[in-house]
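First the structure, in the form of structure tokens, and then the observations on it.
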Amino acid sequence: MTAFLSALGDKLAERWLTLLAVPGLLYLMALGAAVTLGQRHWHDVGRLRARLDALAAAPAAHSPGTVAVAALGVLAGAAAVGTAAQQLGGWVEKAWLVEVRGPLTGRLAARRLRRWQAADADYRTALVAAGRARIAEGADAGALAHDAERRYAARNRIGSAAPRHAFWTGDRIAAPDQRVWRSYRLDLTVAWPHLWLLAPDGTRAELDTARTGLASATRLIAWGAGYAVLSLWWWPAAPIGALAVATGVGRGRAAAASFADLAEALVDLHGKELALALGLECEGALTRTVGEAVTRALSKPG
């Protein structure tokens, strides 16, 4: 038990340093530079060095007790800033993943849906034209097929299914629900806990990694927003914030796509195993009939 508690304490300390303390200390350093330099002296390193020398020469700087209290205050401030960024990241994640609520997110989702419907109509028109050209053995059949593929990719860049969220990430995470239902008539929301219990440790680790990556991306966006606020006093913080937000958005999209692909693969590989664990017959691959039976078996009446 002692060894377990020691290892747990080490992991908690490492997590605290990684998520809160180190990013918080960097932010406090940027805040100090912003307050000291301002917009007029944004590049004056000498001004910043003079301020640090003045602090070092102060009588309180030679008192061990004062130094210890100041260090604790800085660490507490870093932890507070890190906690605020983590909370803001949670709000960003909620905005990404929760279905449409409110006028702003509703307008964003409606706009995405209109773009998807237009792209879907273009794709279907191109697909019909390519099919007709192939049947007629026209010379332009290959070019029309390529055009249909291009329009299919353009539609999927908006969403692999009709958008129901204000942002791409939410629809990408929710896409396996719709795709699994269309393919197997399996309610993934109901079946997910049972599939998780049947999944091997390696699969769980991959899913956890993707999920952690999504949370990490939203925290990075939150830090970017914090640096954007600092730019009101010190403009060099603006490109830092913009870079952090852009990186966070890119990482979030990648993590969402990875999680969605892994979730769908989990159903493909272990859906039959779930049916057999519930005592249902499934001789070959998972079918719609078996998937519907699994959904009925897991949908307990309230």
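Fair warning: this is a prediction, and the values are worked out from it, not measured in the lab.
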Can a donor-acceptor pair be found, under 3.5 Å and without considering hydrogens, that links the side chain of [X] to the backbone of [Y]?
| X | Y | result |
| --- | --- | --- |
| Thr189 | Asp177 | no |
| Trp223 | Pro23 | no |
| Lys272 | Thr287 | no |
| Arg151 | Ala121 | no |
| Thr247 | Ala244 | no |
| Tyr184 | Leu286 | no |
| Ser231 | Ala228 | yes |
| Arg112 | His165 | yes |

So how far is it from [X] [atom1] to [Y] [atom2], rounded to the nearest 0.5 Å?
| X | Y | atom1 | atom2 | value |
| --- | --- | --- | --- | --- |
| Thr289 | Leu280 | OG1 | CG | 11.5 Å |
| Leu274 | Trp196 | CG | CH2 | 15.0 Å |
| Thr218 | Gln86 | OG1 | CD | 9.0 Å |
| Asp171 | Leu97 | CG | CG | 10.5 Å |
| Leu31 | Leu26 | CG | CG | 12.5 Å |
| Thr295 | Arg288 | OG1 | CZ | 12.0 Å |

How close do [X] and [Y] get, heavy atom to heavy atom, and via which atoms?
| X | Y | result |
| --- | --- | --- |
| Ala129 | Leu144 | O-CD1, 3.7 Å |
| Val294 | Ala275 | CG2-CB, 3.8 Å |
| Ala162 | Leu113 | CB-CD1, 4.1 Å |
| Asn156 | Trp168 | O-NE1, 4.2 Å |
| Leu88 | Ala225 | CD2-CB, 4.2 Å |
| Ala217 | Gly248 | CB-O, 3.3 Å |

Side-chain heavy-atom pair [X], [Y] within 4.5 angstrom cut-off:
| X | Y | answer |
| --- | --- | --- |
| His270 | Pro200 | yes |
| Leu214 | Trp96 | yes |
| Asp187 | Leu298 | no |
| Arg296 | Glu292 | yes |

Side-chain heavy atoms nearer than 4.5 Å, only ILVMFWY residues, links allowed to pass through others: does that put [X] and [Y] together?
| X | Y | value |
| --- | --- | --- |
| Trp181 | Val290 | no |
| Leu188 | Leu207 | yes |
| Leu266 | Val190 | yes |
| Leu269 | Leu198 | no |
| Ile240 | Leu232 | no |

Is the number of heavy atoms from other residues, nucleotides or ligands within 6.0 Å of [atom1] ([X]) greater than 12?
| X | atom1 | value |
| --- | --- | --- |
| Arg132 | CZ | no |
| Arg204 | CZ | yes |
| Arg111 | CZ | no |

Side-chain donor-acceptor pairs of residues 250-265 under 3.5 Å, sequence neighbours excluded:
unit_1, atom_1, unit_2, atom_2, d
Asp261, OD1, Arg172, NH2, 2.5
Glu264, OE1, Arg179, NE, 3.0
Glu264, OE2, Arg179, NE, 3.0
Glu264, OE2, Arg179, NH2, 3.2

Among Trp234, Tyr27, Trp235, Trp233, exactly one meets ring-ring contact (aromatic ring centres under 6.0 Å, His included) together with Tyr227. Which residue is that? Tyr27
Salt bridge check, Asp208 against Arg211: does any charged N sit closer than 4.0 Å to a carboxylate O? no
